[in-house]
Every structure is written in structure tokens, then in C-alpha cells.
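To start, the structure itself, in C-alpha cells.
As the structure lists them, so they are numbered: ligands from 1, and atoms in each ligand from 1. Excluded from the calculations below are hydrogen atoms, water molecules and symmetry mates; all remaining heavy atoms, backbone and side chain alike, are included.
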Amino acid sequence: MKFSHILTSTVSLLTLGTAVDGHFTRDRNNAVGPNRPFKPLPHSPPRKKVCHVRSHGDSSRDDSDFILSALKKCNRGGKVVFDANKEYTIGTALDLTFLKNIDLEILGRITFTADTDYWQANSFKHTFQNATTFFNLGGEDVNIYGGGTLDGNGQVWYDLYAEDALILRPILFGVIGLHGGTIGPLKLRYSPQWYHLVANSSDVLFDGIDITGYSSSENEAKNTDGWDTYRSSNIVIQNSVINNGDDCVSFKPNSTDILVQNLHCNGSHGISVGSLGQYVGEVDIVKNILVYNISMYNASDMARIKVWPGTSSAMSEDLQGGGGSGAVSNITYDKMYIENVDYAIEITQCYGQKNLTLCNEYPSNLTISDVHIKNIYGTTSDAHDPIVGTIVCSSPDVCSDIYAENIDVESPSGTNDFVCTNVDESLLQVNCTSG
Ligand SMILES: *[C@@H]1O[C@H](CO)[C@@H](O)[C@H](O)[C@H]1NC(C)=O
Ligand SMILES: *[C@@H]1O[C@H](CO)[C@@H](O)[C@H](O)[C@H]1NC(C)=O
Ligand SMILES: *[C@@H]1O[C@H](CO)[C@@H](O)[C@H](O)[C@H]1NC(C)=O
Ligand SMILES: *[C@@H]1O[C@H](CO)[C@@H](O)[C@H](O)[C@H]1NC(C)=O
Ligand SMILES: *[C@@H]1O[C@H](CO)[C@@H](O)[C@H](O)[C@H]1NC(C)=O
Ligand SMILES: *[C@@H]1O[C@H](CO)[C@@H](O)[C@H](O)[C@H]1NC(C)=O
Ligand SMILES: *[C@@H]1O[C@H](CO)[C@@H](O)[C@H](O)[C@H]1NC(C)=O
Ligand SMILES: *[C@@H]1O[C@H](CO)[C@@H](O)[C@H](O)[C@H]1NC(C)=O
Ligand SMILES: *[C@@H]1O[C@H](CO)[C@@H](O)[C@H](O)[C@H]1NC(C)=O
Ligand SMILES: *[C@@H]1O[C@H](CO)[C@@H](O)[C@H](O)[C@H]1NC(C)=O
């Protein structure tokens, strides 16, 4: 009885649903542009029934049971609607890896509770970088759109993290084991940590994601990466606006065939390969990455590749590593605009190690090859003036075919100097002045 009116299935509702799909295009390949995905994205058949999710309408009451119930009822061929002007509260870690051929149309607002004790005990734990997620969304052929909001209630986490850097802050959107999906348009707000973890997934398109959420106290919202991809292939991230305080997009171990295009990033650490080589004994592969048409404002970097040295070191209390092996290859950054960005390009194999002598003594076990960075224009910040970029390998043996061309970038004082170390400078059409 409790869930009696979750399932409402009428023709008129379906018509209404189609009308409010907004920018959603069921043919995922047609939605991708100007570059095509590395591999065609699978077809998503139309849905045939609609379930509306009930809400207690009271932020102190958990709506998770209503949500699970609607998802189960409309799984395999239906659409679940989170109604406009409704508030939903999630206070339970949800395993949503059973989804198949389903749409989630999010028109209202979904807020995660601020119960930091509950979430630290019950969020999903992923051993990689101690990542945890509020929910794991996975399965096959799942579309999530509607332009509604997911709110991570991050403030309480920003304040707690300032007291204790070892707390486990949940990632707002966990895409874990999803094969075939479109996500967006959606608004994501106040994530406690990264906005998205995309792990063990393939053939997923993110399109029209709007990210922001600043701390209102003196404790900054830290590590709020837009996306981190991990053990995933054929992912597209496009047409999105990201206002955050860490990587705009980050390609973590075993990210392959990833297309990122048409992003506006502000306040970030750039679009980063890595960090890689953090764990001894692990083999990290990042290959076939195309990053195209990005505007980067108020950031520490634009194009960035960060690799730990061949020996272990500590970047900070909760970030330490080095000694892992692997390969970074076929990485392209093309058409970038920068404004107030500290480095236009930063390639390092000494991530996490301040002592360059030590770094050169233990060269990275992770190779970097076939990197093409072209068509960057704009101005850097004064952070490293007169330097506008740095390309540093730990040994000439572990870096090859790194190209830079048409880098039309100036510091506030009008210089365009690069630091280049252990790289073939004849392939770099930049002003290598030191290193
Ligand atoms: C991905 O799959 C592997 C192998 O099945 C599993 O060990 C891991 O926990 C999964 N999740 C993540 C986030 O890697
Ligand atoms: C997880 O955090 C602990 C500190 O709580 C740290 O010692 C450990 O290295 C971290 N593990 C990973 C995989 O980053
Ligand atoms: C580049 O991306 C911006 C959005 O950030 C978009 O307005 C513009 O049309 C894109 N340009 C091309 C050539 O796709
Ligand atoms: C862009 O980032 C800067 C620096 O982090 C921040 O002060 C500013 O508010 C951001 N702009 C927007 C539109 O969020
Ligand atoms: C990444 O891929 C390599 C090569 O296939 C494999 O050896 C390694 O175990 C993978 N790492 C993870 C974290 O899945
Ligand atoms: C390398 O990446 C480009 C996109 O930048 C892609 O077209 C090409 O197929 C990739 N090469 C291989 C060998 O996969
Ligand atoms: C960059 O930061 C400045 C200062 O905080 C802000 O005025 C400007 O709007 C930011 N740029 C963007 C694109 O948000
Ligand atoms: C840097 O590393 C070198 C080589 O291991 C060592 O001799 C030197 O003392 C280190 N410098 C500092 C400041 O730790
Ligand atoms: C790293 O490379 C060195 C040689 O440069 C090798 O002796 C060592 O075994 C490698 N370590 C790992 C973990 O692969
Ligand atoms: C390189 O930088 C130096 C010092 O700022 C400057 O004199 C020179 O013109 C620059 N060269 C090029 C090719 O931009």
C-alpha cells in the first residue's frame, strides 16, 4: 500500500515525458560532437512505462525506499521520474548496479544527508585512492537527464576535513560498472569530494553537466575533481561547465579511449592524466585520450600529465606514493583557451617529490610517449612568471615523442618561457629556456 501510487503508466504521461526530455537524444552517437567517440556508443531503445518517485517532502526523512522501489518497478524498459519542484532526501547508501534499459528523469532536487558518521561507515569503499561513493550506479543502458539537481551537502564535509584529513568524504556521483549510458543534463552541487568517479565502465556519454559548489566557511571545498575515470573505456565528456577546486577532468589508471570536448572549466587544476604510478607493483595504462576545445580559467594548469617518481614519497598526509609502472600514450590536447592559468602545460614525472636530485636518481617506471599538445592560446597567471609551462621527465629513457606546436601563450610580463628537462627539445615548438 505504501508505494501504491509510484507506478502510473499512461500514454499522456509518456507524451509529457518526451516533451520534457530537453536536450536528451536517444541516439547517443548523434549527440556527440564535434569529434566522434572512439568507438560507436550502443543504441538505447525507447522506454515503455513511467514510474514517479514519491517523496516524504521532509528533509529529515529518507526517501531511499521510495527511490529503490520505483527503480525496481520501472527497471527493464521504463522511466523513473523525480518530479519537478519536489525535494528528495537520500540517507542510505544505494547499490544501483542492477539497472538495465532504464531512464531516470531528474526534474526535482535530490539531497544527500549530512550524517557524516553514517556515510563514513556505510558509503561504498573503493580501494583506489580510498575513494568512497554515496551510491554505485551501474548496469547496462541507463540514461539520466532532466536538468534537476544532485546536492551533496558538502559544507559539513569541508569543515570536517579541515579538522581531520583522513576522513572519508563520499564522491557525489559513482558510476561503477556501467556499460552504455547517457548522463546529463544535470546540475551537481556541493560534492564532499570528487563530483564523479567513473570506474569499471564503458560506452558512457556525459553531456551537459553543470558543476559548482563553494564553501561558505574559511575551509575550502578540496579535491572536488569534476570527473575521475578509472578502469574505464570509451567515455565521452562534453558540453559542460565546471566551477571547482581540483582537476576539471582526471584520467586515472586504465583510462582508455576517452574523448573530452567543449568544456568551460574555472578554478580547477586542469585536465590531467594521472596521477599515475602511485602504487608499487601496479601497472597503470592511460592511452588514446583526445581533449578538444576547452576554455580554462583561474586554474593551476591546462594540459597536465602527472606521474610519481620511481621511489615512494609523501605529497601530504593523505596522499603518498611512487614506484608504480605503466605507460601513458597517444594523448592529444587540441584547441585550448587559457586565462589566469599558472601553467599552460605541465608534464612531470616527479609528482609528489620535491627533491629533483632524488627524482632523477629513481626515474619513473612509467613511460610517456606520443603526446601531442597543440593550439593553446591565452595568458597565464603571474604564479610562475616568467615561466608559462614545464615539461620535466625523470630520464630521457622514459619519455619519447612529446610534441608541442602552436603554443601562443604569454605570461603577464610578456614572456613565454618553458622549463624542459630530459625531453627531445627539437619536438617542442616552445621557448625552452631552462631545465
Ligand atoms: C571493479 O572491478 C574489479 C574487478 O572485478 C573490482 O575488484 C573492483 O572493486 C571494481 N570497482 C572499482 C571501483 O574498481
Ligand atoms: C588510505 O588512507 C590511509 C590513511 O588513512 C593511507 O595510509 C593509505 O595510504 C590510503 N590508501 C590509499 C590506497 O590511498
Ligand atoms: C567549444 O566549446 C564551447 C563551449 O565551451 C562551445 O560554445 C563552442 O561552440 C565549441 N566550439 C566548437 C568548435 O565546437
Ligand atoms: C571561478 O573561480 C574563481 C577562483 O576559484 C572563483 O573565485 C569564482 O567565483 C569562480 N567563478 C564562478 C562563476 O563560479
Ligand atoms: C591496468 O591494466 C594493466 C594492463 O592490462 C593491468 O596489468 C593492470 O592490472 C590494470 N590495473 C588495474 C588497476 O586495473
Ligand atoms: C590515437 O588517438 C586519436 C585521437 O586523438 C585516434 O584517432 C587514434 O585512433 C588513436 N590511435 C590509436 C592507435 O588508437
Ligand atoms: C576568474 O576569477 C575571477 C576572480 O575570482 C572572477 O572574477 C572571474 O569571473 C573568474 N572567471 C570565470 C570564467 O569564472
Ligand atoms: C635530495 O636527494 C639527494 C639524493 O638522494 C640527497 O643527497 C639530498 O640530501 C636530498 N636533498 C634534500 C634537501 O633532502
Ligand atoms: C623500476 O625500474 C627499475 C629500473 O629503472 C627496476 O630496477 C625496478 O625493479 C622497477 N620497479 C618496479 C616496481 O617495476
Ligand atoms: C624566448 O624567451 C626569451 C626571454 O624571454 C626571449 O628573449 C625570446 O624572444 C623568446 N623566444 C621566442 C622564440 O619566443
Side-chain angles (χ1 to χ4, degrees), residues 32-40 93 95-97 123-139 168 170-171 173-179 193-194 196-202 204 225 227-238 249-261 271 273 278-279 282-294 303 305 309-314 322-323 327-336 350 352-363 368-375 394-395 401-403 405:
V32 178
N35 293 283
R36 313 301 298 157
F38 278 80
K39 294 177 190 139
D95 180 351
L96 308 178
T97 53
S123 60
F124 296 95
K125 312 285 185 297
H126 310 283
T127 41
F128 176 69
Q129 291 198 338
N130 286 333
T132 66
T133 44
F134 279 129
F135 60 83
N136 283 353
L137 185 138
L168 297 173
I171 291 162
F173 208 119
V175 175
I176 314 292
L178 177 61
H179 304 284
Q193 229 230 89
W194 303 344
H196 298 90
L197 169 62
V198 183
N200 290 354
S201 296
S202 62
V204 180
D225 298 14
W227 285 261
D228 282 77
T229 59
Y230 178 63
R231 307 173 67 136
S232 292
S233 182
N234 205 32
I235 307 295
V236 179
I237 299 169
Q238 65 175 18
V249 181
S250 177
F251 312 106
K252 297 286 203 259
N254 296 10
S255 295
T256 57
D257 297 341
I258 315 254
L259 168 62
V260 175
Q261 59 191 350
I271 304 220
V273 173
Q278 188 175 359
Y279 304 118
E282 292 199 4
V283 183
D284 297 343
I285 308 291
V286 173
K287 67 172 179 187
N288 304 338
I289 306 280
L290 174 56
V291 180
Y292 182 86
N293 183 32
I294 311 294
I305 300 178
T311 184
S312 193
S313 62
V328 172
S329 65
N330 195 25
I331 312 293
T332 299
Y333 287 89
D334 186 9
K335 284 200 169 55
M336 312 278 141
C350 299
Q353 178 57 263
K354 289 192 183 76
N355 186 341
L356 273 186
T357 315
L358 191 79
C359 177
N360 293 337
E361 220 172 272
Y362 300 94
I368 300 179
S369 63
D370 204 5
V371 175
H372 302 262
I373 302 177
K374 54 194 176 191
N375 306 318
S394 49
S395 150
D401 299 310
I402 299 180
Y403 296 83
E405 65 180 287

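Classification of the Tyr230-Phe128 ring pair by plane angle, with boundaries at 30° and 60°, yields parallel. Using a 30° and 60° split on the angle between ring planes, Tyr403 and His372 fall in the parallel class, below 30°.
Checked by atom type and distance alone, the side chain of Asn234 pairs as donor or acceptor with a backbone atom of Lys39 at under 3.5 Å. Gln261 places a side-chain N or O within 3.5 Å of a backbone atom of Asn35 that can act as its donor or acceptor partner. A donor-acceptor pair is defined here as one N or O able to donate and one able to accept, closer than 3.5 Å; no such pair exists between the side chain of Asp228 and the backbone of Leu197.
Here the heavy atom of the protein found nearest to atom 2 (O) of ligand 8 is Asn355 ND2, 2.4 Å. In this structure, the protein non-hydrogen atom closest to atom 11 (N) of ligand 1 is Asn200 ND2, 3.0 Å. Of all protein heavy atoms, the one lying nearest to atom 4 (C) of ligand 8 is Glu361 OE1, 3.1 Å. At the top of the distance list for atom 7 (O) of ligand 6, counting protein heavy atoms only, stands Phe38 CE2, 4.7 Å.
Residue Tyr362 places its OH atom among 12 or fewer non-hydrogen atoms of other residues, nucleotides or ligands, all under 6.0 Å distant.
Using a 4.0 Å cut-off between heavy atoms, Phe128 makes no contact with ligand 1 at all.
Exactly one residue among Ser201, Ser255, Ser250 makes a side-chain hydrogen bond (donor to acceptor under 3.5 Å, both in side chains) with Thr229. That residue is Ser255.
Here the shortest heavy-atom distance to atom 12 (C) of ligand 6, taken over Ile289, Asn330, Ile331, Asp257, belongs to Asn330. The closest heavy-atom contact to atom 5 (O) of ligand 6, among the options Thr332, Asp334, Val291, Asp370, comes from Thr332.
Among the atoms of His126, none of the N or O lies under 3.5 angstrom from an N or O of ligand 1.
Atom 9 (O) of ligand 8 lies below 4.0 Å from none of the non-hydrogen atoms of the protein. Distance check for atom 14 (O) of ligand 1: a protein heavy atom is found below 4.0 Å.
Listed by number with element, the atoms of ligand 1 under 4.0 Å from a non-hydrogen atom of Ala199 are 13 (C). Atom numbering of ligand 6 starts at 1 in the shown order; those under 4.0 Å from a heavy atom of Asn288 are 1 (C), 10 (C), 11 (N), 12 (C), 14 (O).
The shortest heavy-atom contact between Ile176 and Thr97 is O-CG2, 3.9 Å.
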